[in-house]
Amino acid sequence: MKSLRALILGPPGGGKGTLSKRLVRDFDFFHVSAGDALRREVAEGTRLGRESEAFINDGFLVPDDVVTKLVVGQLARPGDRWLLDGFPRNIAQARELDRNGVDIDLVLNLEIPEAEILARLGGRRVHVASGRSYHVDWNPPEVEGLDDETGEPLVTRPDDTADAIRTRLERYDDLTQALVDHYESRGVLATFQGTESDVIYPSMKAHVADMLARDI
């Protein structure tokens, strides 16, 4: 199978998860989620997991070099066709990957209007105990404000308020701009704009297919 080392970037609520699943389905990518990998290492009690858990328990972010070791370990597998998701999040982490010899062939960068993300996240309602999620417009509960299975009240998560969403987006933009510039300067960045994953994905799929058809 032809190799392709890809990275997907996108703001919170931008549809990155939906698009990643489609890319994995259509191109047989090995999906590497840094967050999922970290939680798995902690749960399994590995050396990196124990090291990471110590920082988490003390209320600190896991250092970039520790997360990089974790991600690089996930990428050391036959086939070399993977889709990296959730790392790097900033330019320092990208440089850590560079120092570890991880070259990125393609960066899929999502640009979604703020108004669309406010509508997506601002309309989300959750049942805290189960984690079930609804949307007031696109996936409403059978009874407004109540979970379908238990009848218990649904809530708006604190980070789904309009002010919190805008703060998250500003933080994302501040961290990501240097990252985008870094990969654009290397000629591996492809940006996709829009408001619907169903509209964005055909262009993204065609671009990935074209990359796989080339000699890279």
Side-chain (R124) to main-chain (D160) donor-acceptor, under 3.5 angstrom
no

Using the test side-chain contact (heavy atoms from CB on, under 4.5 Å), find all partners of T68 that sit at least two apart in sequence or belong to another chain.
V72, F87, E96, L97, N100

Are any of the side-chain heavy atoms of L108 and V208 separated by less than 4.5 Å?
yes

Taking all heavy atoms of A6 and all of F29, pick out the closest pair and write down the distance.
CB-CE2, 4.1 Å

Counting only N and O atoms by type, is there a donor-acceptor contact under 3.5 Å from the side chain of H135 to the main-chain atoms of A119?
yes

Can you check whether V24's main-chain N or O pairs, donor with acceptor, with H31's side chain at less than 3.5 Å?
no

Hey, are H182 and N90 close enough side-chain-wise for a donor-acceptor pair under 3.5 Å?
no

Evaluate the side-chain proximity of P88 to L7: yes if any heavy-atom separation is below 4.5 Å, no if none is.
yes

Might you point out which heavy atoms bring L118 and A162 nearest each other, and give the distance in Å?
CD2-O, 3.9 Å

Test item: side-chain donor near acceptor, T191 and E111, under 3.5 Å
no

Remaining members of I91's ILVMFWY cluster at a side-chain heavy-atom cut-off under 4.5 Å?
none

Check W82 against D103 and note the closest heavy-atom contact, atom names and distance.
CH2-O, 4.3 Å

Pair Q177, D181: side-chain N/O donor-acceptor within cut-off below 3.5 Å:
yes

Hey, what else clusters with L175 if you join Ile, Leu, Val, Met, Phe, Trp, Tyr whenever side-chain heavy atoms sit under 4.5 Å?
none

How about R186 and D105: do any of their side-chain heavy atoms sit closer than 4.5 Å?
no

When you check the side-chain N and O atoms of Y134 and D147, is any donor under 3.5 Å from an acceptor?
yes

Both conditions, 6.0 Å and 45 degrees, for the charged tip of R22 above the ring of Y201: are they met here?
yes

